[in-house]
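Below: one structure, written as structure tokens.
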Amino acid sequence: GGDVSLASSDPRVPPRITFRYFEEGTDATGDDLRAVVSGVKLVRALSAKLRADGLIAKEELPGDEVQTDDHIAAFVRNAAWGHHASCTCRIGSADSGGVVDSRFRVHGTQGLRIVDASVFPRTPGLFIVSAIYMIGEKAADVIAASARGEDT
């Protein structure tokens, strides 16, 4: 539901990133927010015995004072962050909206490649780090082949 746009024509200026979480984004029905609230409650239920046994001293976040669904939802809205930001420069043909080719070269430019989570056409699951490692390994092979003159 979010977007990335240029903040300046100066390439040293970071882009403007707007995640559009929950109500401000594509979660018009509130399903995403309710799912995260349910996740907080599930973790609390799973850790209740550990707390009762003194193995967990206290809940750091959102904290014992945050108990109702509305209060948990407010915490989630204010604390959510975009650690799975991806898919803004997807691999594909320029005609189909792709930004980079299969060798990570940016369409319409010379000497510029993108090698990060932005090249995925859609987020590859919940924990994307191994997919990001795979992109890095593949790009390393592609760049090494290019340095050897094998770039096609």
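Quick note: numbers below take in every heavy atom, side chains included, and nothing from hydrogens, waters or symmetry partners.
T68 places a side-chain N or O within 3.5 Å of a backbone atom of H71 that can act as its donor or acceptor partner. Using modelled atom types, no side-chain atom of R90 and backbone atom of R122 make a donor-acceptor pair closer than 3.5 Å. For R16 (side chain) and L6 (main-chain N/O), a donor-acceptor pair under 3.5 Å exists by modelled atom type. In terms of modelled atom types and a separation under 3.5 Å, the side chain of S146 and the main chain of V142 share no donor-acceptor contact. A distance-only check finds a donor-acceptor pair linking the side chain of H107 to the backbone of G92 [under 3.5 Å].
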Decide yes or no on side-chain contact (heavy atoms from CB on, under 4.5 Å) for L61 and F75, but give the supporting numbers first.
CA-CA 9 Å; L61 293 172; F75 169 81; 4.0 Å; yes
Please determine whether side-chain contact (heavy atoms from CB on, under 4.5 Å) holds for the pair I91 and D101, giving the CA-CA distance in whole Å, both sets of side-chain angles, and the decisive distance to 0.1 Å.
CA-CA 5 Å; I91 292 175; D101 65 16; over 6 Å; no
Worked check of salt bridge (Lys or Arg N to Asp or Glu O under 4.0 Å) between D69 and R34:
CA-CA 8 Å; D69 285 5; R34 278 192 300 279; over 6 Å; no
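The nearest pair of heavy atoms linking V100 to C89 is CG2-O, 3.8 Å. The minimum heavy-atom distance linking D64 with Q67 is given by the pair O-NE2, 2.8 Å. V13 and A7 get closest at one heavy-atom pair: CG1-CB, 4.0 Å. V66 and R44 get closest at one heavy-atom pair: O-NH2, 2.7 Å. The two residues T109 and V106 come nearest to each other via the heavy atoms OG1-O, 2.9 Å. Nearest heavy-atom pair, V115 versus A139, reported as atom, atom and distance to 0.1 Å: CG1-CB, 3.4 Å.
Side-chain contact, S86 with S118: no donor N or O sits under 3.5 Å from an acceptor N or O. In summary, the side chains of D95 and S93 do not present any donor paired with an acceptor at a separation below 3.5 Å, with no hydrogens or angles considered.
Side-chain contact between I135 and D116 is absent, with no heavy-atom pair separated by less than 4.5 Å. Here the side chains of Q110 and R105 are not in contact, with every heavy-atom distance at 4.5 Å or above. I114 has its side chain out of reach of F104: every pair of non-hydrogen atoms, C-beta onward, lies at least 4.5 Å apart.
Rounded to the nearest 0.5 angstrom, S130 OG and E137 CD are separated by 12.0 Å. Separation of atoms CG (D141) and CD (E150) is listed at 10.5 Å; rounding is to 0.5 Å. Here the CD1-CZ distance, from I143 to R148, works out to 11.5 Å after rounding to the nearest 0.5 Å. How far OG1 of T29 is from CG of D32: 7.0 Å, rounded to the nearest 0.5 Å.
In the hydrophobic clustering of ILVMFWY residues, with side-chain heavy atoms under 4.5 Å counting as a link, V43 and V37 come out apart.
Salt-bridge formation is detected for the pair D10/R12: a Lys NZ or Arg NE/NH1/NH2 atom is positioned less than 4.0 Å from an Asp or Glu carboxylate oxygen.
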